**Q** 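Following this message is one structure expressed as structure tokens.
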Amino acid sequence: MRRIGVLTAGGDTPALNATIYGVVERANQLGVEVIGIIKGFGGMVDPRIPHLRLNPLRTTIPELRPDIGGTILGASRTYIDKNEKELLKAVVARLRRLGIEGIICVGGDGTINGLQPISDFIPCALAPKTIDNDLGLNYIEEPNDWELIETPGHKSKYSRIYSRTELELADIVNYATPGYATAVFVVAQAIERTRTTAESHRRIAIVEVMGRDSGYIALGSAYGQPDIILVPEIPIDIERLERRVREIYELQKHVVIVVGEGVRDEEGHQLGAKSASVDPAGNIQFTGASEALQQILIERLGDGYFQHRRRHDNAKQAIFTRKVGHTQRGGRPIMFDRFYATQLGGKATELLVHGRNNHIATLQYSPEHGFKLDSIAANKLRDRWGQIHARTLHPYLYDEKKFQPSKFGRAYLKPIFTQALGRDDVEHLLNDAFNPGKLSMVYPSVNVDIHKRLEHLEADGIDPDPI
Ligand SMILES: Nc1ncnc2c1ncn2[C@@H]1O[C@H](COP(=O)(O)OP(=O)(O)OP(=O)(O)O)[C@@H](O)[C@H]1O
Ligand SMILES: O=P(O)(O)OC[C@H]1O[C@](O)(CO)[C@@H](O)[C@@H]1O
């Protein structure tokens, strides 16, 4: 293979540049040229979108730095529908004209579906990323646990009964995805900062974190020591939650609750469903779980609860919500993410060069051997109807009585986070946070420099044939 393409699809993460860096550095060693495809699958669909040589003369361009968040290639949630044959033909023709012999897609579970139609024509490998940590399996047989329930007159629905009630760490397929560790780091900091203000003002703080239907970020938020963690996988038992909130408020005059954005009530309805809409990839955009929970607690506790304790005039003043939001996805990646993203990028390059198609580079962990790189065929993630499901927290990781990670959940988190920060992360903070140069300089966006390197296959209908 002489020339490969790389793209970043789905939501961004802090470790995408690190993955691209790993792809390109390994390609340099193997003598392979790498073309960056701009804006995810969108860059394949729209011929006006340019591309970028990432290693001219087998030297990585200086703008590609593993310690800078986001992606120099840009990302999108644009869709290539496998049934749109003409579009697909045009996409493949365009890639061929670029001389691309294989493609690395950096993405999550959605991206695997996205790369399928292309992989029928050009070999594809996935380098994993997603802050949600929902790419992978709790154990290799998990896809067989899904059932598709067809009810006449209704949309068919998936349901699952876990065939395993207990797990071993080494069973987990793709232990952690690049981006997850940095997101948890940001969330833990947000909780610590929210904590002292809730504590000072005798308030109940509800902190909403990302993750869609997966509670991994909420689980990792335990490093910020919230009093209560609510994950999407376990329907909220409102009675028990109210009891716990009252107990904690009596004891310490404030409560910090973390809520995963996809949390559900006991009927299975998403708390934030009222304002749900979908993004271009068809994913539900979760908003409103924290506000819905706030409303429930306002009604349950009532104004009298706070007035009686002479803390606030009403429950609405006493209970506040905050979303950590996109700060979870942005900024400098911490060492764990930087290191393993780079490794996984390199592994994906090797998969392609060694002739694999539709394979995923994975990060495995075992207590005996620590972390190691591996790979899996994407089809192993499919259920018998061909569907790839986002990985959700297995109940064994969460203690629903305590609203905290279970013993196994804590054991899961420790290998990722015990050495997740490097000395350079601390040094970066020391040197950079209040660098006086920032006061007089505008933000030096990498997009400005990258712009100068962009090349077009077709400009104004004329093919300048840049390759
Ligand atoms: N079934 C599908 N067919 C074709 N394209 C798809 C399909 N599902 C997802 N995609 C495309 O794959 C890309 C990534 O999907 P998605 O936005 O769901 O993110 P992801 O890979 O799961 O990562 P993250 O969850 O971190 O954002 C998007 O461009 C989306 O349009
Ligand atoms: O950036 P957007 O489109 O608002 O997407 C937000 C979603 O993307 C993710 O950050 C990654 O999948 C989710 O945690 C979140 O629900």
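All values below were derived from every heavy atom in this structure, side-chain atoms included, with hydrogens, water molecules and symmetry-related copies excluded. Please read these numbers as outputs of a predicted model, since none were measured by experiment.
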**Q** Answer yes when Asp109 and Arg212 have at least one side-chain N-carboxylate O distance shorter than 4.0 Å, and no when they do not.
**A**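 Answer for the salt bridge query: no.
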**Q** Using a strict 4.0 Å threshold on nitrogen-to-oxygen distance, state whether Glu242 and Arg246 make a salt bridge.
**A**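 So Glu242 pairs with Arg246 through a salt bridge.
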**Q** May I ask you to check whether over 12 heavy atoms, not counting those of Arg193, lie within 6.0 Å of atom CZ?
**A**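 No.
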**Q** Can you name the ring-ring contact (aromatic ring centres under 6.0 Å, His included) partners of Phe336, sequence neighbours left out?
**A**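 Partners of Phe336 under the ring-ring contact (aromatic ring centres under 6.0 Å, His included) test: Tyr340, Phe371.
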**Q** Not counting sequence neighbours, which residues clear ring-ring contact (aromatic ring centres under 6.0 Å, His included) with Tyr249? List them please.
**A**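 Result, ring-ring contact (aromatic ring centres under 6.0 Å, His included) vs Tyr249: Tyr305, Phe306.
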**Q** Per the ring pair (Phe, Tyr, Trp, His ring centres under 6.0 Å) rule, what does the pair list look like for residues 314-335, sequence neighbours excluded?
**A**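 Found none.
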**Q** So Leu297 and Ile257, do their side chains get closer than 4.5 Å, heavy atoms only?
**A**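 Side chain of Ile257 against side chain of Leu297, heavy atoms only: contact under 4.5 Å found.
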**Q** So Leu397 and Leu167, do their side chains get closer than 4.5 Å, heavy atoms only?
**A**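 Yes, at least one pair of side-chain atoms sits under 4.5 Å.
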**Q** Is there a side-chain contact between Asp237 and Arg243 (heavy atoms, below 4.5 Å)?
**A**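 They are not in contact (no side-chain heavy atoms under 4.5 Å apart), so the answer is no.
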**Q** Closest heavy-atom contact between Cys124 and Ile118?
**A**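 Closest approach of Cys124 to Ile118: SG-CG2, 4.1 Å.
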**Q** Which side chain to side chain donor-acceptor pair (under 3.5 Å) pairs, counting each pair once, include a residue from residues 310-320, with sequence neighbours left out?
**A**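 Every pair satisfying side chain to side chain donor-acceptor pair (under 3.5 Å) with a residue in residues 310-320: there are none.
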**Q** Answer whether the closest heavy-atom distance between the side chains of Asn138 and Arg164 falls below 4.5 Å.
**A** no
**Q** With respect to Thr177, which candidate in Asn133, Thr130, Asp134 satisfies the side chain to side chain donor-acceptor pair (under 3.5 Å) definition?
**A**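 Single side chain to side chain donor-acceptor pair (under 3.5 Å) partner of Thr177 among Asn133, Thr130, Asp134: Asn133.
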**Q** Just to verify, what does Leu373 make a side-chain contact (heavy atoms from CB on, under 4.5 Å) with, not counting sequence neighbours?
**A**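 Partners of Leu373 by the side-chain contact (heavy atoms from CB on, under 4.5 Å) criterion, ordered by chain and then number, come out as Gln343, Leu344, Lys347, Leu363.
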**Q** Would you call Arg195 and Glu192 a salt bridge, using N to O less than 4.0 angstrom?
**A**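 No, no charged N to carboxylate O under 4.0 Å.
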**Q** According to side-chain contact (heavy atoms from CB on, under 4.5 Å), who are the partners of Asn358, at least two apart in sequence or on a separate chain?
**A** Leu115, Gln116, Ser119, Ala378, Asn379
**Q** With a 4.5 Å cut-off on side-chain heavy atoms, are Gln294 and Ile298 touching?
**A** yes
**Q** Is Glu233 salt-bridged to Arg391, cutoff N-O under 4.0 Å?
**A**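 Judged by the 4.0 Å cut-off on N to carboxylate O distance, Glu233 and Arg391 do not form a salt bridge.
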**Q** With a 4.5 Å heavy-atom cut-off, do Leu381 and Leu137 have their side chains touching?
**A**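 Yes, their side chains come closer than 4.5 Å.
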**Q** Measuring only between side-chain heavy atoms, which start at C-beta, is Tyr175 closer than 4.5 Å to Tyr412?
**A**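 With C-beta onward as the side chain, the pair touches.
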